[in-house]
Undergrad: 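Sharing a structure with you now.
Read the numbers this way: they start at 1 and go in the same order the structure lists the ligands and their atoms. This is a predicted model, so every value here is computed, not measured.
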Amino acid sequence: MKTILITGASRGIGAATAILAAQRGYQVCINYHRNSEAAEEVAAAIRAQGGTAFLLQGDVGKEEDVQRIFRAVDKIGPLHALVNNVGVLEKQVRVESIDAERLHRILTTNVISCFICSREAVRRMSVKHGGQGGAIVNVSSIAARTGSPGEYVDYAASKGAMDVLTTGLSKEVADEGIRVNGVRPGFIYTDIHASGGEPGRVDRLKDAIPMKRGGKAEEVAEAILWLLSDAASFSTGTFIDITGGR
Ligand code: NAP
């Protein structure tokens, strides 16, 4: 059975990806930070469908936590797939109100986590290191294109950095059996908008979306699972925008 690690899989897009991955035959390592109850619910949903799930608590912004998480995965089985899904944002403000502390928090959780989780995955997957290859998907955002003016340019910049990591790393490991791709969701119904101070953000903005509706976490999960699958065997360093046409 193939093993997948999904960071931030207790809620939202990560949780939907975990459930779909189990349906596609992966044993699923569910990373979460604080909400153990929500993570347990995802694991229970997977087990209720006959799947296999493991809970791996840890803050992916902390290198020691990431190393502990990957050591736990090693005991479960060789890692085939990594989804760098964790992403956070803070209260909607303009750039002139952003301080360095906030920038450190956003960049540590969104960018440094993605680098160190990818590093640990490459060390295990690369055929150069005796691995069997694998696939990585980075969950970016269409904010990398729009810049999120007036809301969270810091968050958008972190997603731009993730996209550059996707491009560069994909080329570094392309002949080592590892594919690295990204998805860029638009407005998706999850809890993340409450962190920005506006839980109803998707409904406020949905008329600006050509499809006139927000997206579902499950619609993002479908793209992630396709990029991880052998059906995408010649795709690396590429991105799927899931935005309803925005
Ligand atoms: P969400 O509903 O807020 O869920 C965030 C998840 O990340 C939770 O499982 C949370 O764990 C976990 N998490 C947060 N900080 C963590 C840390 N330091 N270490 C480990 N886990 C951590 O978010 P979402 O909307 O599903 O977003 C998932 C990804 O999609 C993010 O990268 C986001 O930027 C991206 N995205 C979302 C949208 C959207 O409209 N929703 C659009 C574009 C891109 P706990 O439950 O334990 O707190």
Undergrad: Which of the atoms in ligand 1, numbered in the order shown and given with their element, are less than 4.0 Å from a heavy-atom of Asp191?
TA: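 Close to Asp191: 2 (O).
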Undergrad: Any nitrogen or oxygen of Ile142, main chain or side chain, under 3.5 Å from a nitrogen or oxygen of ligand 1?
TA: no
Undergrad: Can you list the ligand 1 atoms lying under 4.0 Å from a non-hydrogen atom of Val139?
TA: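 Those atoms are 29 (C), 30 (O), 32 (O), 35 (C).
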Undergrad: Below 3.5 Å, N or O to N or O, backbone or side chain included: is there any such pair between Gly14 and ligand 1?
TA: no
Undergrad: To check your reading of the model: name the closest protein heavy atom to atom 26 (O) of ligand 1, its residue, and the distance in Å.
TA: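 Of every protein heavy atom, Ile13 N, 2.8 Å lies nearest to atom 26 (O) of ligand 1.
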Undergrad: Any N or O on Val60 sitting closer than 3.5 Å to an N or O of ligand 1?
TA: yes
Undergrad: If the threshold is 4.0 Å, N to carboxylate O, is there a salt bridge linking Glu64 and Lys62?
TA: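 No.
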Undergrad: Do you know the tightest heavy-atom contact between Thr166 and Gly182?
TA: CG2-N, 3.8 Å
Undergrad: Does Ser140 have a heavy atom less than 4.0 Å from any atom of ligand 1?
TA: yes
Undergrad: Tell me whether Thr109 has any N or O atom under 3.5 angstrom from an N or O of ligand 1.
TA: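 Not met; the criterion fails.
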Undergrad: Asp241 vs Arg145, test: salt bridge (charged side-chain N to carboxylate O under 4.0 Å, His left out). Steps then yes/no.
TA: CA-CA 10 Å; Asp241 291 357; Arg145 173 151 58 75; 3.5 Å; yes
Undergrad: Starting from the C-alpha separation in whole Å, work towards a yes-or-no answer on side-chain contact (heavy atoms from CB on, under 4.5 Å) for Gln92 and Arg201.
TA: CA-CA 11 Å; Gln92 295 174 3; Arg201 177 171 174 263; 3.7 Å; yes
Undergrad: Can you tell me if CD on Glu37 sees more than 12 non-hydrogen neighbours from other groups inside 6.0 Å?
TA: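 No, not enclosed.
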Undergrad: Is there a polar contact, in the sense of an N or O pair closer than 3.5 Å, between Lys159 and ligand 1?
TA: yes
Undergrad: Using a cut-off of 6.0 Å, state whether more than 12 heavy atoms not belonging to Arg204 lie near its atom CZ.
TA: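 Counting neighbours around CZ of Arg204, more than 12 heavy atoms of other residues, nucleotides or ligands fall under 6.0 Å, so yes.
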Undergrad: Nearest heavy-atom pair of Met162 and Asn138: which atoms, and what distance?
TA: CE-CB, 3.8 Å
Undergrad: If you have a sec, work out which protein heavy atom is nearest atom 10 (C) of ligand 1 and how many Å separate them, to one decimal?
TA: Arg11 NH2, 3.6 Å
Undergrad: With heavy-atom distances below 4.0 Å as the criterion, list the atoms of ligand 1 near Val88.
TA: 14 (C), 15 (N)
Undergrad: Looking at every non-hydrogen atom in both residues, tell me the closest pair between Val220 and Ile188 and how far apart they are.
TA: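 Shortest heavy-atom separation between Val220 and Ile188 comes out as CG2-CD1, 3.7 Å.
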Undergrad: Under 4.0 Å, heavy-atom basis, I'd like to know which part of Val220 is in contact with ligand 1: side chain, backbone, both or neither.
TA: neither
Undergrad: Can you figure out which of Thr190, Thr7, Val86, Thr17 has its heavy atom closest to atom 22 (C) of ligand 1?
TA: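 That would be Val86.
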Undergrad: Considering heavy atoms of the protein only, find what lies nearest to atom 38 (C) of ligand 1 and give residue, atom and distance to 0.1 Å.
TA: Gly186 O, 3.8 Å
Undergrad: Nearest heavy-atom pair of Leu107 and Ser158: which atoms, and what distance?
TA: CD2-CB, 3.9 Å
Undergrad: Look only at interatomic distance and state if Phe187 has a nitrogen or oxygen under 3.5 Å from any nitrogen or oxygen of ligand 1.
TA: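 Such a contact does not occur with ligand 1.
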Undergrad: Using a plain distance cutoff, I'd like to know if His193 has any nitrogen or oxygen under 3.5 Å from a nitrogen or oxygen of ligand 1.
TA: yes
Undergrad: Would you mind running through ligand 1 and noting each atom that sits below 4.0 Å from a heavy atom of Asn31?
TA: 20 (C), 21 (N)
Undergrad: Give a yes or no on this: more than 12 heavy atoms of other residues, nucleotides or ligands lie within 6.0 Å of atom NZ of Lys212.
TA: yes
Undergrad: In terms of residue, atom name and distance, what is the protein heavy atom nearest to atom 28 (C) of ligand 1?
TA: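 Looking only at protein heavy atoms, the one closest to atom 28 (C) of ligand 1 is Asn85 OD1, 3.2 Å.
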Undergrad: For the pair Asp163 and Ser140, evaluate side-chain hydrogen bond (donor to acceptor under 3.5 Å, both in side chains) and give the outcome as yes or no after the intermediate values.
TA: CA-CA 7 Å; Asp163 286 0; Ser140 171; 2.8 Å; yes
Undergrad: Any idea which part of Val202 is under 4.0 Å from ligand 1, heavy-atom wise: side chain, backbone, both or neither?
TA: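 It is neither part, as no heavy atom is under 4.0 Å.
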Undergrad: Closer than 4.0 angstrom: is that true for some heavy atom of Tyr155 and an atom of ligand 1?
TA: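 Distance cut 4.0 Å: Tyr155 passes for ligand 1.
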Undergrad: For atom 27 (O) of ligand 1, find the nearest protein heavy atom and state the residue, atom name and distance (0.1 Å precision).
TA: Ile192 CD1, 4.0 Å
Undergrad: Starting from atom 18 (N) of ligand 1, locate the nearest protein heavy atom and write down its residue, its atom name and how far away it is, to 0.1 Å.
TA: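 Here the nearest protein heavy atom works out to Asp59 OD1, 2.8 Å.
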Undergrad: Which heavy atom in Cys29 sits nearest to a heavy atom in Thr3, and how many Å separate them?
TA: SG-CG2, 3.9 Å
Undergrad: In the protein, what heavy atom is nearest to atom 46 (O) of ligand 1, and what distance, to one decimal place, separates them?
TA: Ser10 OG, 2.6 Å
Undergrad: Could you verify whether a donor N or O on one side chain and an acceptor N or O on the other, from Thr52 and Gln27, lie under 3.5 Å apart?
TA: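 No donor-acceptor contact under 3.5 Å links the two side chains.
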Undergrad: To the nearest 0.1 Å, how far is atom 7 (O) of ligand 1 from its closest protein heavy atom, and which atom is that?
TA: Gly8 CA, 3.5 Å
Undergrad: Checking side-chain polar atoms at under 3.5 Å, does Ser113 have a donor or acceptor matched by the opposite partner on Asn84?
TA: no
Undergrad: Quick check on contacts: which atoms of ligand 1 are under 4.0 angstrom from a heavy atom of Gly58?
TA: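 Counting atoms of ligand 1 from 1, those under 4.0 Å from Gly58 are 19 (N), 20 (C).
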